[in-house]
Protein chains: 2
Amino acid sequence: MHSPIVVAHSNVARESSLGVDTHCIACKLYPMCLPRGLPDKELEDFGSHIRRRRILHRGRMLYHAGQSSKSLYTIRSGSIKTFALSSEGDEMVEGFYYPGELLGFEALSSEPHDHFALALETTEYCEIPVSPLNRLMLRSESLRRQLIHIITRRITGDRRQGYIRNRRDARSRVAAYLVDVSLRRSRWRKSLDHFQLSMDRRDIAEYLGLTMETVSRCLTQFQREGLLRVKAKWIRLLNQQALRAVCGSDVWEELHRAVV
Amino acid sequence: MHSPIVVAHSNVARESSLGVDTHCIACKLYPMCLPRGLPDKELEDFGSHIRRRRILHRGRMLYHAGQSSKSLYTIRSGSIKTFALSSEGDEMVEGFYYPGELLGFEALSSEPHDHFALALETTEYCEIPVSPLNRLMLRSESLRRQLIHIITRRITGDRRQGYIRNRRDARSRVAAYLVDVSLRRSRWRKSLDHFQLSMDRRDIAEYLGLTMETVSRCLTQFQREGLLRVKAKWIRLLNQQALRAVCGSDVWEELHRAVV
DNA sequence: CGGTCGCTTGAATACCGTCAATTGTAGTGG
DNA sequence: CCACTACAATTGACGGTATTCAAGCGACCG
């Protein structure tokens, strides 16, 4: 059901024996893809080290807290939730990851994972081991630049997420969340206004610092106001303009900049 | 009204012709200092490019939103507040920076600053222009590693800050904030339990997603409970143990790990 | 068909935000 | 040095919003 890119390029393997191609094609779709813009020679090198097309089924962990980290991961399709566990056992949701996005940066500072990464649906990902990556960076100026560029953008992106999550009232947080999901989907050219959330209400709530019930109430209220239609995990945005107004036009701009 | 950097930078040259020394000394105190662990040769090189001992007086801007960014900055003493402005004109506080901490990472991806950085008190900082930094990284494997290490740790650090700011109730947010300040001070061996906040109540409130009044009420309540004494900006923590319990012991551990 | 799980809805409560008044503090000039 | 001013912080009362607890609904699955 959710296997966008794979399907679209199912006839990829024949194009190249090295198998770098699939990644190249992906790069056209994913602006922040790691090897984007690399010279062909280095691209080959890079491609020979990553482990591509791995599959994780819903509910499986990509990695656990405490586990030593040796790789970066990039999502090809599906979605991942990252979270820490408090001593009382409840989840503190850190974020959600969509196709084209990287996670597991702590591998770059050789620290163990400090959180869990869980597949919210069937998810295809690439694993990029850091030790060959480090070796490659010795030779490849452009790879080094690209990596630093990506990490840096991640920092500014997190900053913007912070602006969402810290909004005062529940309404604007939930609105901003929906706009964010919609914008991030637009990156890989999926429908902007009709989509299925892969996480449940509790996850959204934990992420936004609210309760499940409040998130639910906001959604039904938005529906009553004609801003969207919601049926379980399916969302249809009917009036994006108005939704942006709810979350604050400036917040929308921040989010928009983060995606472009 | 707020004119940026300008200011003094007077008697630097006499200590050393290369001027690396002051930075080296700092490195002993600041574990995350950029050139930490560099071979002497490269350290010299590095030191010759940074602009050290710049002074910013209270209320002055280190940089403005929109301004093009060409340097990283590291605090030597004092403190900096970073914030964005919403369209309604109110501040969205992103964070506070203390000695040993780096800011302005967007320079590494050659994007303009998307926020303001303001000195909360008289602040000494170093400016590290990125173009020589990039050139140096071509030759210096260890510098490259160190930079990536620092940026990566910044991401995990931000994640932990997120756990603070997203706590449900005001009490635990304020408590976590105080513990955080205290721990970050401990890095440069300042008093853990008696200190002066450099930001006002409104700044703290905006940072935590609360109001000034709520922050104030939490502080006086903590005082009534005997956890601390507060007089204007001066805080004396009387019972750190209990304070950590208020913010949730696991959050405290997260913060602690971020500092060490 | 009954059971589980995720989601919604309702009512009561607790908490935080708002507004307004007061006190306190720092900075300025007499 | 003190008085004055401007601004920061505190405090109180009130109303609104989110949480809590509990019940009800509906989809999915055995």
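Labels below follow one simple rule: chain letters A, B, ... track the order of the sequence lines, proteins then strands, and each chain is numbered from 1. These numbers were taken from a predicted model, which means no experiment stands behind them.
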Trainee: Atom CD of Gln223(B) to atom P of dG24(C): distance rounded to whole Å?
Mentor: 13 Å
Trainee: Which class fits the ring pair His64(A) and Phe116(A): parallel under 30°, tilted 30 to 60°, perpendicular over 60°?
Mentor: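 Taking Phe116(A) first and then His64(A), their aromatic rings stand perpendicular (interplane angle over 60°).
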Trainee: Hey, is the main chain of Tyr207(B) close enough, under 3.5 Å, to the side chain of Asn166(A) for a donor-acceptor pair?
Mentor: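 A pair under 3.5 Å: yes.
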Trainee: Could you go through nucleotides 3-9 of chain D and list every protein N or O atom that sits under 3.5 Å from one of its N or O atoms, giving the distance for each pair?
Mentor:
residue : atom : partner   : partner atom : Å
dA9(D)  : OP2  : Arg201(B) : N            : 3.1

Trainee: So if I define the base as every atom that isn't primed, P, OP1 or OP2, how would nucleotides 12-30 of chain D read as a B/S/- string at a heavy-atom cutoff under 4.0 Å?
Mentor: BB----SBBB---------
Trainee: Could you give the angle between the helix axes at the two ends of the helix from dC1(C)-dG30(D) to dG30(C)-dC1(D), with five pairs per end, rounded to 10 degrees?
Mentor: 40°
Trainee: How long is the line joining CG of Leu219(A) and P of dT8(C), in whole Å?
Mentor: 6 Å
Trainee: Can Arg202(B) and Glu213(B) be counted as an ion pair, charged N to O under 4.0 angstrom?
Mentor: no
Trainee: Salt bridge or not for Asp200(A) and Lys233(A), using N-O below 4.0 Å?
Mentor: no
Trainee: Between the side chains of Asp158(B) and Arg159(A), is the shortest nitrogen-to-carboxylate-oxygen separation below 4.0 Å, so that they form an ion pair?
Mentor: no
Trainee: What is the distance, to the nearest angstrom, from the CZ atom on Arg229(A) to the P atom on dT8(C)?
Mentor: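 Interatomic distance, CZ of Arg229(A) to P of dT8(C): 12 Å.
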Trainee: Does the distance from a Lys or Arg side-chain N to an Asp or Glu carboxylate O, for Glu101(B) and Arg187(B), drop under 4.0 Å?
Mentor: yes
Trainee: Expressed in angstrom and rounded to an integer, what is the separation of Leu197(B) atom CG from dA26(C) atom C1'?
Mentor: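 Value for this atom pair: 17 Å.
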Trainee: Is any side-chain N of the basic residue among Arg171(B) and Glu225(B) closer than 4.0 Å to the acidic one's carboxylate O?
Mentor: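 A salt bridge is present here (some side-chain N lies under 4.0 Å from a carboxylate O).
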Trainee: Between Lys81(B) and Glu91(B), does any NZ, NE, NH1 or NH2 come within less than 4.0 Å of an OD or OE carboxylate oxygen?
Mentor: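 Salt bridge: yes.
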Trainee: Between Asp180(A) and Arg160(A), is there a side-chain N and carboxylate O pair less than 4.0 Å apart?
Mentor: no
Trainee: Heavy-atom count around Arg58(A) CZ within 6.0 Å, excluding the residue itself: above 12?
Mentor: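 Incorrect, the count does not exceed 12.
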